[in-house]
Amino acid sequence: MAMMETPLYLQQCRQLNEHDLEYGKIVYLIKLGLRSTSVDIVSIHMINSPANNARWEHANQNSTILDSFLNSRELSENNSTQNVIARGGRVAFTPEEPQVLFSTGNIRLPAEIRDQSPGGNRAARQVHEFLYCRIAVGHALVLERSKLHSQAQGLPAGFDSIKIYQTEEEDAIEEPSPDFYYHEYMLGDESKVLPLFVVRFLFDPEADKLKKNPLCEICDRKPASLYCLQDNARFCDQCDAEVHTGKVFGRHSRVAIGEVTGQLTLTRCKEHPEMPVQFFDITTFQPVCVHCKMVGSHSTGENASHPLIPINEAYKQNMVILGRESEAVETKQNRITQQLTRIEERLNDIHDNATTVEKQVRAILDKIISRLHESTQSKLHYLLSDEAELKRQFHYFQWLESFLSYQREVINPVEFLTSFKYHSSLLQAVPSELLETSPIVLENLCLEGNLDILATNLPGVGPPVQVLTAPPQRPPSHHHSHHHGHQGASSSTPGAPSGGYAGSEY
């Protein structure tokens with residue numbers, strides 16, 4: 001942990017240490033968001049109580065809950081980190097700021113403030129400060145960014161947030177990728193947002209490259225090619241030839257640099273750098289050397305009672321667990337794909353049905369067409385909301401798995417064991433059941449006799465709600481036409497407000 005001066009507004013907040021339960025998870029989320037295994041945590045401060053957290057989680061237990069990191073520099077004065085802390089860990093919504101934009105997934109750092117001195121003096125590097133929140137997005141209304149102003153006065157009934165829809169132009173800039181998972185939501189309800197921690201960290205975007213291709217520790221210029229077991233140091237070919245000469249130094253054992261990260265027995269203990277890691281504490285997920293076991297952290301106290309297994313065995317066991325979890329993730333992704341396919345088919349059916357009705361309506365009265373779109377849109381919002389959530393879930397699993405594979409390339413197996421714990425915890429936090437599909441939405445608009453656009457309820461719930469009536473017209477000759485005194489175009493959207501809501505046109 002980097003030692004830097006704590007801002008005044010954080011000095012009254014409890015600072016987490018590496019042994020706190022939440023600390024490792026938050027660090028992993030930061031690494032996941034930055035897609036980097038090299039993040040230097042300055043501090044993590046708790047700004048809300050565990051009791052408030054438990055109450056909030058209970059109140060939103062039936063909602064989709066996501067992690068969100070807000071860059072302190074991008075917050076308004078009303079919801080600055082200082083003001084959120086002063087209010088006891090609450091985000092405030094005002095007439096001037098009725099909604100706040102939240103993102104989940106990759107953490108974006110503005111290019112102009114990314115670290116300007118990679119690998120240099122930490123004191124000269126930029127400290128990034130983020131507010132870590134939990135957000136309950138629930139049933140999200142899908143809107144294009146350009147149409148957010150249309151919902152400035154509030155959300156329609158049945159929706160909890162706004163999911164910002166990526167337009168084709170935005171998609172062209174950022175192609176979908178397992179490495180990039182980023183979704184934006186607008187929320188305007190204080191009960192749906194829980195600020196938990198202020199996280200301050202240093203980030204060197206070049207650090208992972210140095211892990212993959214470390215420099216020689218003698219000249220600090222050329223890529224290292226050899227690792228000396230006795231010196232516990234990396235050498236380029238030239239420096240190795242200069243240092244390891246003579247009868248004594250020439251007998252030192254050196255291995256190719258690639259073998260250092262590939263062999264568990266060559267990984268050194270952080271507490272005792274001269275000793276290799278030989279055991280693994282399956283209770284605390286910590287690597288242990290002989291010195292740790294005999295005279296160090298695991299020689300006395302509670303740690304002394306923890307079961308230790310050989311480091312190679314620990315790695316094998318976790319690879320077996322990884323295989324089972326990967327199969328479970330693949331099964332969930334397949335089920336999501338099937339649901340997305342069904343939703344796509346239903347969306348197409350609704351589009352086709354709406355087009356047919358539109359043609360019939362134009363033959364009667366052009367004015368009906370615009371109102372028909374509104375009725376159709378109210379149907380689509382429910383399906384598009386579920387589609388967006390299912391795609392987010394699918395993308396989330398891709399994102400987690402991609403970063404896990406990336407870590408295996410970058411960090412040594414021992415570090416991977418520790419990171420794997422947090423990967424597993426994120427998977428366990430995903431709901432075991434997939435998202436239920438939207439209320440039944442049928443492509444049942446039809447034209448009969450007098451033209452009425454109706455939004456019908458489920459059977460037994462209540463009568464259809466009349467949205468619009470056109471002057472009586474002679475019903476067209478069609479196999480769907482019926483001759484009754486009151487006929488109309490109807491749809492089944494349980495609980496949907498009449499008239500629909502204008503978002504994107506599909």
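When a residue number appears, it is its place in the shown sequence, counting from 1.
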Would you check if T81 and I47 make a side-chain contact, meaning some heavy-atom pair closer than 4.5 Å?
-> no
Donor-acceptor contact present, side-chain Q11 to main-chain T6, <3.5 Å | yes
Separation of I336 CD1 from K391 NZ (nearest 0.5 Å) | 12.5 Å
Taking it one step at a time, do L66 and H183 satisfy side chain to side chain contact (heavy atoms under 4.5 Å, CB included)?
-> CA-CA 10 Å; L66 305 174; H183 298 265; over 6 Å; no
So, does D208 use its side chain to make a donor-acceptor pair with the main chain of T37 at under 3.5 Å?
-> yes
Specify the closest pair of heavy atoms between V84 and N79, including all atoms of both residues, with the distance to one decimal.
-> CG2-O, 3.7 Å
Value rounded to 0.5 Å, distance of CG in L143 from CE in M186 | 10.5 Å
Steps toward side chain to side chain contact (heavy atoms under 4.5 Å, CB included) verdict (W56, N60) = CA-CA 6 Å; W56 187 89; N60 292 284; 3.3 Å; yes
Specify the closest pair of heavy atoms between P95 and P98, including all atoms of both residues, with the distance to one decimal.
-> O-CD, 3.6 Å
Say whether, by atom type as modelled, one donor and one acceptor occur between the side chain of S385 and the main chain of L141 under 3.5 angstrom.
-> no
Side-chain donor or acceptor of N106 paired with backbone N/O of Y181 under 3.5 Å | yes
To the nearest 0.5 Å, tell me how far K222 NZ sits from L215 CG.
-> 12.0 Å
Is there a donor-acceptor contact under 3.5 Å linking the side chains of D189 and S191?
-> yes
For the pair E389 and K163, find out whether any cationic side-chain nitrogen is under 4.0 Å from an anionic carboxylate oxygen.
-> no
D179 and R35, any side-chain heavy atoms less than 4.5 Å apart = yes
Given the rule in the salt bridge (Lys or Arg N to Asp or Glu O under 4.0 Å) test, do E345 and R342 qualify, once you have shown the distances and angles that lead to the verdict?
-> CA-CA 5 Å; E345 291 172 352; R342 288 195 292 270; over 6 Å; no
Evaluation steps, ring pair (Phe, Tyr, Trp, His ring centres under 6.0 Å), between F420 and F285 = CA-CA 9 Å; F420 179 72; F285 272 69; 7.8 Å; no
Between L187 and A136, the two heavy atoms sitting closest are CD2-O, 3.6 Å
Got H298 and Q286 here, is their nearest side-chain heavy-atom distance under 4.5 Å?
-> yes
For the pair I41 and I26, evaluate side chain to side chain contact (heavy atoms under 4.5 Å, CB included) and give the outcome as yes or no after the intermediate values.
-> CA-CA 10 Å; I41 297 296; I26 295 171; over 6 Å; no
Give a yes or no on whether E302 atom CD has more than 12 heavy-atom contacts from other residues, nucleotides or ligands under 6.0 Å away.
-> no
Which heavy atom of V91 sits nearest a heavy atom of E190, and at what distance?
-> O-CG, 3.5 Å
Shortest non-hydrogen contact from L383 to I343?
-> O-CG2, 4.0 Å
Are the side chain of N48 and the backbone N or O of G89 linked by a donor-acceptor pair below 3.5 Å?
-> yes
Using modelled atom types only, decide if a donor and an acceptor are shared between the side chain of N83 and the backbone of E77 within a distance under 3.5 Å.
-> yes
Any side-chain heavy-atom pair of E57 and I65 under 4.5 Å | yes
E387 versus Q339: any side-chain heavy-atom pair under 4.5 Å?
-> no
How many angstroms lie between CH2 in W399 and CG in L426, if you round to the nearest 0.5 Å?
-> 8.0 Å
Return the orientation label for the Y132 and F69 ring planes: parallel under 30°, perpendicular over 60°, tilted otherwise.
-> parallel
Ionic contact status for D67 with K25, cut-off 4.0 Å = no
Point-to-point distance, once rounded to the nearest 0.5 Å, from CG of L32 to CG of L400 | 5.5 Å
May I ask you to decide if F180's main-chain N or O and H395's side chain share a donor-acceptor pair within less than 3.5 Å?
-> yes
Check for a donor-acceptor pair, side chain of D281 on one end and backbone N or O of T284 on the other, with a separation under 3.5 Å.
-> yes
Any chance you could lay out the salt bridge (Lys or Arg N to Asp or Glu O under 4.0 Å) test for D386 and R346, step after step, and finish with the verdict?
-> CA-CA 12 Å; D386 280 4; R346 293 172 67 188; over 6 Å; no
Is any side-chain heavy atom of I44 less than 4.5 Å from a side-chain heavy atom of V27?
-> yes
For F403 and K31, run side chain to side chain contact (heavy atoms under 4.5 Å, CB included): C-alpha distance rounded to whole Å, both residues' side-chain angles, the deciding distance at 0.1 Å, then the answer.
-> CA-CA 9 Å; F403 184 62; K31 291 179 177 179; 4.0 Å; yes
Just wondering, do I30 and H128 contact through their side chains at under 4.5 Å, heavy atoms?
-> no
Supply the atom-to-atom distance H306 NE2 to I309 CD1, rounded to the nearest 0.5 angstrom.
-> 14.0 Å
Residue pair Y23 / N17, side-chain donor-acceptor N/O under 3.5 Å | no
Could you tell me whether a side-chain N or O of S419 sits under 3.5 Å from a main-chain N or O of F416, the two making a donor and an acceptor?
-> no
For S68 and S103, indicate whether the former's side chain and the latter's backbone hold a donor-acceptor pair under 3.5 Å.
-> yes
In short, V277 meets F279 closest at the heavy-atom pair CG1-O, 3.6 Å
Flag side-chain contact, heavy atom, 4.5 Å: L322 against L404 | yes
